[in-house]
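Convention: sequence-line order gives letters A, B, ...; per-chain numbering from 1.
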2 protein chains.
Amino acid sequence: MPPRTTAASAEKRRAILDAAVRVFAERGFNHCRVSDIADEAGVAYGLVYHYFKSKDGILDEVFLERWALMLEVIEEAAGDDALSVRDRLAKVATFIVESYGRHPDVMQVVIVEVTRQANTFGRKHWATIQDAHAGLARIVERAQESGELRGDIPPSFAAIVFYGGIEQVLTSWIFDTAPSTPDDRRAAVSNLVETICGGLDPR
Amino acid sequence: MPPRTTAASAEKRRAILDAAVRVFAERGFNHCRVSDIADEAGVAYGLVYHYFKSKDGILDEVFLERWALMLEVIEEAAGDDALSVRDRLAKVATFIVESYGRHPDVMQVVIVEVTRQANTFGRKHWATIQDAHAGLARIVERAQESGELRGDIPPSFAAIVFYGGIEQVLTSWIFDTAPSTPDDRRAAVSNLVETICGGLDPR
DNA sequence: CGGTCGGTTGATTGACCAGTCAATCGGGAA
DNA sequence: TTCCCGATTGACTGGTCAATCAACCGACCG
């Protein structure tokens, strides 16, 4: 939430935010200096603090900005009555996986530095993270009510497994330096949905 | 790897290691001081460095000790010819989940401070972490070969989703302060195996 | 042309902490 | 009893960095 600003200063703010994402992705939040961000953005050290409250605040903003988009997609998938459960889940998975394809640095930062940081940022944003689980759980629950899915697995459990599955897949892409290809990403979505819905038992 | 020691000194070493687990679990690896560990163990600061190379080294040892047990269980589950896939997967899941039941601090540290720390310890131990994925993948692969599971989902993918699912369940137990009950744990195992093998589609 | 006020600069401050080290202790061997 | 050596102590060093702040710049207004 910048104070009222000119277009030029808004751009500079954005430049710092983008630079921060690159630096966080490359060095990790804990192992980079604020001066690295300033250097990467090509501005003076102090300017970072003109636009942001603190180093933590920058990461918070990166996370919240991205996570809000995902929550929107989940709501959208849950609300669209024309979709099957598989389509709904595929829509969410596709958004996450394609976010990684288009903005690997942002997604790496969101997952590695926030979502998986149980003691620091993960705890701070736990309620927000849970909003996503809750949204997924609602998708499952409704499908159970309509008979589209079996009713004997708790929806919140299914949601956690589904989300945990995606996160682990992204994590493995992030760790192994080879980037995912578009085909990898499409395959991951359909395999995930097929595993969770269809199960691994023989057809 | 302590140098040759008397029984008494081995005990003291153990006491420091146990104290470290408690401190890491409570404050987080990055937000505790080595002096916290020394205080918790009731020994002088310097003694920690008599028994361990560094603060990092302590965490490494906590992780490796526990992870080795898990790898053993995975090997055991993979090797026991009398077991069905579901039993094999349940055996692994039960071990993990019951480890949490018996040693919540240790498991919290292993997961929160190592396994999920993609930029620091997670990367350092990535190969070891992958050993677990590989073991699970082998279980799936063999079951596919015997026709016990469908063959069109890559085993390594299934393994990652399975492991990611457990980890996310444990994470949610860790974040929400309410401890898991024995019933929660049993239910988690059977729900996980049932979700992954049977799928969420109606029976 | 003087004044104002964001925007911009980077040196400095203050706090934090891992790891070192020289000194001391104490139990068993000679 | 003396000596030796591992065990034990905790003060201290060196380095790191987030955040502050006082000063400077320059565009626009009156």
Please tell me which of B/Ala44 and A/Lys53 maps to the more 5' nucleotide of DNA chain D, matching each residue to the nucleotide holding its nearest heavy atom. B/Ala44
Here's a test for you: under side chain to side chain contact (heavy atoms under 4.5 Å, CB included), which of B/Val106, B/Ile111, B/Thr115, B/Val109 qualifies with B/Phe63? B/Thr115
Examine D/dT8: is either OP1 or OP2 under 4.0 Å from a nitrogen or oxygen in the side chain of B/Tyr45? Give yes or no. no
Could you state the NZ-P distance from B/Lys55 to C/dA18, rounded to the nearest angstrom? 4 Å
Whole-Å distance, A/Tyr51 OH to C/dG6 P, equals 12 Å
Value in whole Å for how far the C1' atom of C/dG19 lies from OH of B/Tyr49: 5 Å
Protein-nucleotide distance (A/Arg33, atom CZ; D/dA19, atom P), rounded to Å: 15 Å
Under the 3.5 angstrom rule, does the side chain of A/Arg88 hit a backbone N or O of A/Ala77 as a donor-acceptor pair? yes
Scan A/Ile58, A/Leu59, A/Ile37, A/Val62 and name whichever one has a side chain to side chain contact (heavy atoms under 4.5 Å, CB included) with A/Val21. A/Val62
State, with a plain yes or no, whether a side-chain heavy atom of B/Asn119 is found less than 4.5 Å away from one of A/Asn30. no
CG of A/Asn30 versus P of D/dA18: gap in Å, rounded? 10 Å
Atom-pair distance (NE2 on B/His31; P on C/dC16), nearest Å: 13 Å
With salt bridge (charged side-chain N to carboxylate O under 4.0 Å, His left out) as the test, would you mind laying out the steps for A/Glu113 and A/Lys55 before giving the verdict? CA-CA 13 Å; A/Glu113 304 295 346; A/Lys55 190 187 180 191; over 6 Å; no
Just to confirm, is there a sub-4.0 Å distance from OP1 or OP2 of C/dT8 to any side-chain nitrogen or oxygen of A/Lys12? yes
Look at the side-chain N and O atoms of B/His50 and state whether any lies under 4.0 Å from the OP1 or OP2 oxygen of D/dA7. yes
Within this structure, what is the CZ-to-C1' distance between B/Phe52 and D/dT8, rounded to whole angstrom? 15 Å
Indicate, with a heavy-atom threshold strictly under 4.0 Å, whether B/Ser54 touches base, sugar-phosphate, or nothing. sugar-phosphate
Quick one: A/Arg27 CZ to D/dT16 C1', roughly how many Å, whole number? 14 Å
Which nucleotide in D/dA7, D/dT9, D/dA18 has an atom nearest any side-chain atom of B/Val43: D/dT9
Look at the side chain of B/Leu47 and decide which nucleotide, out of D/dT9, C/dT9, C/dT20, has an atom nearest to it. D/dT9
